[in-house]
Every structure is written in C-alpha cells, then in structure tokens.
Amino acid sequence: MLKSLKIENVALIEEQYIEFYEGLNVISGETGAGKSIIINALSFALGSRADKTLIRTGADYAKVTANFIININNQITEVLNELEVPVEENIVIVRKMFVDGKSDIKVNGMPFSLSMLKRLTASIIDIYGQFEHSNLLDERKHLSILDDFGGKDIQNILNEYKLIYDKLYNLYKQLQEYGGDEKERLNKIDYLTYQINEIKMINPQIDEDIELTNKKNVMLNAEKLADAYNFAKMTLDESEYNARLAINLAKNKLNNIISIDNNAENLVNRLKSLEIELDDIINEISNLSNNCEFNEQEFNEIDQRLDSIKLLKRKYGNQIQDILNALEIAENQLTNLNNCNEIIDKITNEINETKNQLMIVAQKLSQKRQEIAKKLENEMSLQFKELGMNSASFVVKFDKVDFYALGIDKVEFMFSANLGEPVKSLNKIISGGELSRFMLGIKTIFAKINNIGTQIYDEIDAGISGHIGQVIAIKLNNISKTCQVITISHLSQIVSMADYLFKIQKIEKNNKTYSILSQLNEDESLLEIARLSGGENIGNHAIEFAKQMKNWAKNIKKEK
C-alpha cells in the first residue's frame with residue numbers, strides 16, 4: 001500500500017505531506033482546486049513522462065517522495081531480484097526534476113533508470129486515469145488486455161511463438177539478400193547488371209572530376225589568363241627595362257669589381273642562378289600562354305563528361321570512390337545471385353518447415369486465448385452484476401489474420417448493455433457511465449490476478465450520478481476490502497463511502513496561489529458531503545442528507 005506521499009514544488013503545491021491508509025481513501029474538493037495535481041505528482045513518482053511545466057513557478061526543481069509498504073509475494077520478489085533491489089517490505093521512491101531538464105531517481109537510496117522505475121511500480125500500484133477510456137475503446141489494445149489476463153499461460157506460448165516468428169523473419173531476410181523468390185531474384189539480377197554496365201560505361205577515375213572541373217574553369221577564363229601571362233612575360237623579358245636585362249647589367253657591373261672585393265664574386269654567382277631560374281619561369285609562362293585558347297569542342301566534351309559523372313554521383317554517392325565502391329558491391333551481389341540456387345533452395349525449405357512449426361504454435365496460442373476469453377467473459381458477467389448492469393453482455397470476438405508478431409488472432413471486445421440487444425463494438429455503443437463501470441470491472445479483475453496492493457482512480461465517477469453513483473461507491477468499497485484504494489471524486493455517494501476523506505483547496509497568500517490538502521474529521525466530512533449535494537449555501541436539509549448518506553455508507557460497510 002501507499003503509506004505516504006511528500007510533494008515539493010509541483011504546480012500549485014509548494015510542500016505537502018500526505019499519509020494514506022488501508023481501505024478507501026477519497027480526495028475531494030472544488031473544481032480547479034488541484035485534485036489532479038495529487039495524481040500527477042504520484043504518476044511522476046511512478047515513472048510517467050513529465051516536463052518542466054510540472055515545476056512550481058519560481059522553483060528550481062520538483063520532487064516527489066512515495067513511501068510504500070508492500071506484501072512480499074513471488075511476483076514482487078521476482079521483480080525486485082530482477083532489478084537487484086534488496087527484498088524489503090518498505091520501498092521509498094524519490095524522483096526529482098530540475099528546471100534545466102535533468103532528473104534524478106532513487107529507490108531505497110539506489111539510483112534507478114526510468115525504465116527500471118516503471119518495471120517496479122507496475123507490480124505494486126495501478127493508476128486509472130481518464131486517458132484509459134480511450135485505451136479501452138481502441139480495439140488494437142484489446143489483444144494485449146486479453147493476453148495480460150491470461151498471464152503466464154498465454155505468455156509462455158506467446159514467447160514460444162515469438163522465437164519461431166523471429167526465426168522465420170530472419171529466414172525471409174536471408175532470402176531477400178539472395179534476391180527473394182525466383183522472380184525477385186531475376187529482377188534483381190537485371191537491375192544489378194544495369195548498374196554495373198552504367199558505371200563501367202562511364203568508367204570514372206579517382207579525382208577525375210576535380211581535374212576536369214579545374215580544366216573547365218581554365219577554359220572559361222582563357223582570355224583573363226592570357227592577359228596575365230602576356231603581361232608577366234613582357235615585364236620579365238620584353239620591355240625596355242625588363243627583369244632579364246636588369247639582372248644582366250647587375251652581373252656585368254659586379255664582374256668588374258671581383259678583383260677588388262671577393263664578395264662580388266658570390267653575388268655574381270647568385271645572379272647567374274637567378275638568371276637560369278628566370279629563363280625557366282619565362283619559358284613556362286610562354287607555354288601556359290600558348291595553351292590559353294578556348295577550344296569549344298574540348299569544352300563541350302569536358303562538360304558532358306562532368307554531367308555523366310554527376311549522374312553517377314546522384315545515384316551512388318557524392319565521391320567517385322563511392323561510385324567505385326557501389327560497383328564492387330553490385331559485382332559481388334551479382335556473382336552471389338548467379339551462384340546461389342542451392343542456398344536459396346535450402347533457405348526456402350527451411351522457411352516452409354518453420355512456417356509449419358509456427359502454425360502449430362499459433363493455433364495452440366489461439367486456442368488458449370479463446371479459453372482465456374471465456375474466463376474473462378464469465379468474470380466480467382460477475383462484475384456487471386455487482387455494478388448494477390444485470391442485463392449487460394460481453395463477448396470477446398476473434399478473427400483470423402495472417403501471421404504477425406503476436407499470432408494469427410485479431411481480437412475485439414463486444415458489448416451490449418440491454419437485454420435482447422446484440423453485442424456490438426465497444427467503442428460504438430457504450431455510454432460514459434457504462435464505460436466507467438466496465439473499466440472498474442476490468443481493473444477489479446486484474447487487481448486480483450496481479451496482486452496489486454494499491455489502486456488509484458482519477459475521477460472514475462466522471463459522467464455518472466444517482467443510483468449508478470451508489471453502485472460505483474459500493475464497488476470501490478468492496479475493492480478496498482482486499483487492497484488499498486485511493487480515488488479522486490466529486491460524487492457525494494463515493495465521498496460518503498470514504499474510510500478516510502481528504503479535501504484539497506486553493507488559497508491565496510502573498511500574491512501567490514497555493515493548493516493545500518487536509519484530512520477531514522467526521523464533522524468536516526459531513527460538511528463536504530453536504531457541499532457536494534447542495535452547493536455553497538449549506539442548510540439544515542443538506543446536513544441531514546449528508547448524515548443519511550453517511551449512515552447509508554456505514555450500513556453498506558457492515559455487510560459482508
């Protein structure tokens with residue numbers, strides 16, 4: 001059971017410590033007072049997704065501490081051992097989230113991941129929220145609900161089925177690597193042959209695209225390049241005061257003073273080297289200048305070549321090396337496909353054998369599901385009677401489908417609320433009040449199967465009133481005899497039935513709004529029942545009605 005909950009900086013709650021008890025715990029309060037904050041805070045502690053909007057405005061973090069006292073059983077022990085948590089009756093979960101998005105989870109002081117936390121809490125507490133209505137109406141969820149009801153009887157066969165199904169999937173995957181069936185293989189051979197021929201026909205070379213692009217750029221700028229080379233050549237060799245003449249004059253002048261200064265000889269030698277280098281530069285400039293001609297035919301050939309390489313890049317990769325790699329892969333695949341008949345025959349035979357094995361297990365799984373479905377139908381019939389739906393009918397409808405990851409069954413829950421009316425799809429005919437009772441029946445059944453110690457209901461009474469409200473109140477009381485129940489309610493019948501009643505209310509202090517939860521005594525409980533029955537202006541009649549409601553609840557509780 002949930003022993004206590006400490007909430008810090010969650011929405012409108014600054015700090016709140018709540019003790020819960022065995023039996024039926026009911027939380028009431030005005031609309032908008034913050035009842036949902038309690039459930040949101042608890043859901044956060046149990047591993048639900050949350051964002052920074054959960055943190056109270058102005059605070060640096062939100063923190064929730066949930067203290068559980070659990071009954072040690074085989075299921076709990078198995079989960080705790082799996083998570084490497086010491087088996088103890090007391091489990092303390094602390095989850096903290098900071099404004100920067102970071103979070104911290106500890107269970108009995110040990111660091112936990114979110115997935116570990118969800119695995120643990122699923123075995124000790126069950127929360128029913130408004131969103132579960134849509135889950136129940138979604139027929140895609142019905143098969144998993146049925147399988148959960150079947151427990152290990154279903155899970156063991158399903159595990160066996162999944163192993164064979166995975167094997168079959170991998171065999172088909174292997175077959176695809178060899179081209180699939182004969183028709184697919186021939187198509188793939190044609191495609192690979194086309195790819196190989198296409199690349200080989202163009203035959204791109206490493207860095208060819210770079211060299212062609214540079215050459216194309218040179219041709220596009222031929223006039224500009226020729227002007228630059230001609231100017232350089234004239235400056236170095238052809239003008240009146242060119243570089244060659246200047247070097248020659250300087251060399252001759254220095255030759256005349258070698259006999260006077262030994263340093264001059266070294267300078268003359270260096271000028272001779274410079275003269276040789278200059279000759280080489282002038283010759284290279286001349287060659288480059290002569291090549292600066294725009295050849296339209298050559299330019300078009302380069303352009304077409306680059307387009308061909310660009311086409312290959314679009315298909316096979318951004319670099320020529322990628323294209324060549326694709327060619328090598330295609331050639332290897334083609335070789336394998338042309339020499340794989342024996343392998344394909346072997347895989348095909350294994351596929352056929354595996355499909356036969358899978359069908360045997362799938363039929364066994366389907367048969368077991370139908371047995372489990374009958375049990376669920378009978379259990380729901382008992383629940384309907386307790387929930388005041390004596391004429392309601394519930395059927396699990398089966399349709400056969402092709403193999404998929406969960407078997408060959410498509411399951412849909414069918415329902416009729418009235419005698420003589422045929423069952424139809426649950427999501428087409430069920431009313432809000434019927435759906436609440438239907439969900440309560442499902443939850444009651446699963447709580448017994450899973451040995452869940454605490455059930456949380458977030459406004460299970462939504463959309464119902466009057467006699468149905470009494471039925472729901474009685475049902476919650478009956479559930480609370482075997483496990484702890486915590487529920488949020490705005491219905492006087494349920495509030496009257498509470499073993500422990502809490503009220504949440506909003507206050508304003510220092511220009512801030514706070515939500516505060518307090519446990520009500522007997523007199524305060526009567527006032528709350530009266531408020532829910534008669535509104536704000538509570539008179540003697542409302543108080544008398546509240547007393548009658550409380551006496552009605554006490555009499556119900558005395559019944560076995």
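Everything numeric in this text was worked out from a predicted model, so none of it was measured.
Remark: Y500 engages Y21 in a ring pair (Phe, Tyr, Trp, His ring centres under 6.0 Å) (not counting sequence neighbours). Remark: F502 pairs with F20 by the ring pair (Phe, Tyr, Trp, His ring centres under 6.0 Å) rule, at least two apart or across chains. In this structure, Y172 has no ring pair (Phe, Tyr, Trp, His ring centres under 6.0 Å) partners at least two apart in sequence or on a different chain.
The backbone N or O of A473 sits nowhere less than 3.5 Å from a side-chain atom of N477 that would complete a donor-acceptor pair. Judged purely by atom type and a 3.5 angstrom limit, Y161 has no side-chain atom pairing as donor or acceptor with the backbone of A405. Within the 3.5 Å criterion, the main-chain N or O of V10 finds no donor-acceptor partner in the side chain of R56. In this structure, the side chain of N108 engages the main chain of V92 through a donor-acceptor pair within 3.5 Å.
Between F68 atom CZ and T121 atom OG1 the span is 7.5 Å, to the nearest 0.5 Å. For the atom pair L143 CG and L406 CG, the distance stands at 6.0 Å (nearest 0.5 Å).
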Practice task
Show your reasoning for whether side chain to side chain contact (heavy atoms under 4.5 Å, CB included) applies to L2 and L42.
Solution key: CA-CA 10 Å; L2 177 62; L42 180 56; 4.1 Å; yes
Exercise for the section: Begin from the C-alpha positions of E331 and K200 and carry the test salt bridge (Lys or Arg N to Asp or Glu O under 4.0 Å) through to its verdict. Expected result: CA-CA 11 Å; E331 288 177 330; K200 282 187 171 182; 3.2 Å; yes
Practice task
Starting from the C-alpha separation in whole Å, work towards a yes-or-no answer on side chain to side chain donor-acceptor pair (under 3.5 Å) for Q155 and N159.
Solution key: CA-CA 6 Å; Q155 196 59 52; N159 289 341; 2.9 Å; yes
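Across K63 and K96, no two heavy atoms sit closer than the pair CB-CG, 4.1 Å. I323 approaches P204 most closely through the heavy-atom pair CG2-CG, 4.2 Å. Scanning both residues, L334 and L192, for their nearest heavy atoms gives N-CD1, 3.8 Å.
In this structure, Y169 has its ring center no closer than 6.0 Å to that of F403.
Relative ring orientation between F438 and F384 is described as tilted, the plane-to-plane angle lying within the 30° to 60° band.
Environment of NZ in K410: sparse, with no more than 12 heavy atoms of neighbouring residues, nucleotides or ligands closer than 6.0 Å. Surrounding NZ of K400 are more than 12 heavy atoms belonging to other residues, nucleotides or ligands, all under 6.0 Å away. Within a 6.0 Å radius of OH in Y194, no more than 12 heavy atoms belonging to other residues, nucleotides or ligands are found. Within a 6.0 Å radius of CD in Q319, no more than 12 heavy atoms belonging to other residues, nucleotides or ligands are found. Counted within 6.0 Å of CG on N318, heavy atoms from surrounding residues, nucleotides or ligands total 12 or fewer; the atom is thus considered open.
With 3.5 Å as the limit, one finds no donor-acceptor pair spanning the side chains of S425 and K397. Checking E377 against S381 by side-chain atom types alone, no donor-acceptor pair falls below 3.5 Å. For the residue pair K475 / Q383, a side-chain donor-acceptor distance below 3.5 Å is found, with atom types taken as modelled. With hydrogens and angles left out, the side-chain atoms of N170 and Q174 include no donor and acceptor closer than 3.5 Å. For the 3.5 Å distance criterion, the side chains of E160 and N156 fail to qualify, holding no donor opposite an acceptor.
Using a cut-off of 4.0 Å between Lys/Arg side-chain N and Asp/Glu carboxylate O, E371 and K374 are scored as not salt-bridged.
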